[in-house]
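Both backbone and side-chain heavy atoms feed into the values below; hydrogens, waters and symmetry mates do not. Numbering of ligands and ligand atoms starts at 1, following listing order.
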Amino acid sequence: MNRRAFLKTSGAGLLVAGAGVGWAQSGLRPLPVIPLTDLSGGIDGRIGLALKPAQHDFGTGAASDTFGINNSYLGPVLRVKQGQTLPFDVMNGIGEVSTLHWHGLHIPGEVDGGPHQEIAPGQTWSPDVPITQGASMNWFHSHTHGKTAQQTYKGLAGVLLVEDDASLSADLPKTYGVDDFTLILQDKAFDGSGKLTYALSAEVFEEGFTGESLVVNGAIAPVGQTVPSGLVRLRILNACNARFLTLSLATGPLTVIASDGGFLASAVETDSLFMSPGERYEVLVDMRNADSNSLMVGFEAGEGLLGFLGALLGNGPEQTALTLTRTATPGFEGAMPDALAILAPPDPTTATVTRSFALTMEDGADLAALAANWGNVCGDGGMGINGQPMNMDRIDEKVRKGDTEIWRISVDGQLHPFHIHGCSFRILSEQGAEPPAYAQGWKDMVHVENGWSDVLVTFNYEAPEHAPYMYHCHILEHEDCGMMGQFSVT
Ligand code: C2O
Ligand code: CU
Ligand code: CU
């Protein structure tokens with residue numbers, strides 16, 4: 001069934017699902033400040049991360065079955081420093097196979113936490129993860145072959161902030177939970193009793209799973225937070241399975257200071273910030289003269305019917321995610337920054353290799369059967385890259401360490417967010433055009449829709465064939481369905 005037919009026949013279903021929007025109308029909840037584990041001053045012993053089943057109330061009044069990492073839902077915010085080696089003990093207590101991938105870290109394939117580094121139930125995985133890169137907002141999430149979507153949706157995700165000497169001394173707000181907040185944005189579906197739901201179908205594989213409720217750090221939006229008078233820093237992760245988010249402020253432009261892999265060359269002002277699943281951006285909000293301001297989030301409207309239903313239900317294209325209210329306390333005294341980092345424009349003439357990746361979505365029974373054979377989970381369709389679904393036993397590309405390459409990712413049709421492990425890259429073009437200014441710094445995610453996008457990338461760490469890196473669509477249902485490939489770096 002194509003997208004349009006699906007939307008027509010499921011209109012009634014959407015109305016029922018839309019009832020869940022009521023959860024969002026029961027007032028402003030306090031912003032949950034995710035517990036911080038600050039290791040940047042030194043690490044004492046091993047760092048324990050316990051994956052466990054838990055119960056969590058998102059704000060519906062009902063306890064939902066979730067997974068947490070040391071918490072009842074999601075993991076701690078880990079704050080570490082360039083030059084450290086992180087001795088993790090990842091304990092798998094969820095009763096099924098899992099993995100934990102460090103998304104954004106430039107680390108060897110052996111400790112990357114991809115689908116080859118399975119942790120059996122009851123077992124502990126103990127990688128020593130070297131942090132060589134500079135200040136950046138990274139995250140960690142399940143990457144279990146065929147189960148990434150379900151496990152991440154239930155809560156196996158967290159944020160890892162890398163600091164360096166420059167970021168620690170930078171003239172920027174950095175008091176966690178006071179003027180420096182980490183926001184994990186997700187969309188969730190709840191049943192009539194307020195419990196978290198997740199169901200797969202052929203249509204869900206095609207579109208990716210979306211919920212009607214916006215959740216911030218595990219609480220249904222809108223959430224509120226008081227802040228001192230000054231600049232406020234928001235470090236934002238789109239941890240949705242499949243939903244693109246359009247961010248803006250109720251009053252004034254957003255000031256973007258960093259993308260996936262680090263600081264931008266200089267602050268970028270923008271009226272809206274378009275974030276795919278997997279992307280991170282840091283923004284500053286000026287609370288020196290405003291009594292309050294709100295971070296607004298627009299769900300991708302999709303096709304006409306979805307937008308229409310959304311408006312009908314009072315859940316228009318934009319909703320309040322977070323309202324900041326200023327107190328009389330003086331906060332960060334500095335001004336909006338100008339120069340942030342030294343970042344030369346990417347130079348495509350340095351590339352010695354070009355590779356092409358065509359994302360494919362087909363109803364092809366062959367592709368679907370192959371996918372099923374190789375442990376990908378799918379509906380009736382098949383998905384792959386360059387005509388082949390993900391196969392754990394096949395190395396798709398062999399990259400030479402230190403080479404600079406151009407990767408051209410193409411697709412006919414729907415928008416996909418493409419991610420590459422083990423690196424940060426620069427976007428040369430998105431659908432043949434220059435990317436928005438806020439996406440011109442270090443990235444590990446690029447958008448591809450109806451055409452192609454080019455990135456310039458160098459891999460500086462090894463990934464042997466038994467521990468390869470992945471590249472994939474970050475719509476997690478697409479990844480699980482086989483829109484993923486693997487490469488070695490030697
Ligand atoms: Cu965020 Cu391969 O993952
Ligand atoms: Cu990754
Ligand atoms: Cu996709």
Y461 and H106 aromatic ring geometry - parallel, tilted or perpendicular at 30°/60° bounds: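 Tilted.
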
Metal check, the Cu ion (ligand 2) vs H143 N/O/S, cut-off below 2.8 Å: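 No N, O or S atom of H143 is closer than 2.8 Å to the Cu ion (ligand 2), so no.
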
Metal check, the Cu ion (ligand 2) vs H419 N/O/S, cut-off below 2.8 Å: yes

Cation-pi geometry met for K188 and Y153 (6.0 Å, 45°):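 That pair qualifies as a cation-pi contact.
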
Cation-pi, F299 ring and R243 (6.0 angstrom, 45 degrees):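 Yes, R243 lies over the aromatic ring of F299.
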
Distance, nearest 0.5 Å, that separates CD of E397 from CD1 of I385: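 The CD1 atom of I385 is 10.0 Å from CD of E397, to the nearest 0.5 Å.
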
H416 N/O/S atom closer than 2.8 Å to the Cu ion (ligand 3): yes

N/O/S atom of H474 inside 2.8 Å of atom 1 (Cu) of ligand 1, strictly under: yes

Basic-acidic side-chain contact under 4.0 Å: R280, D444: yes

Apex the Cu ion (ligand 3); atoms H478 ND1 and C473 SG; angle rounded to 10 degrees: 130°

H103 atom ND1 and H141 atom NE2 as seen from atom 1 (Cu) of ligand 1, angle to 10 degrees: 120°

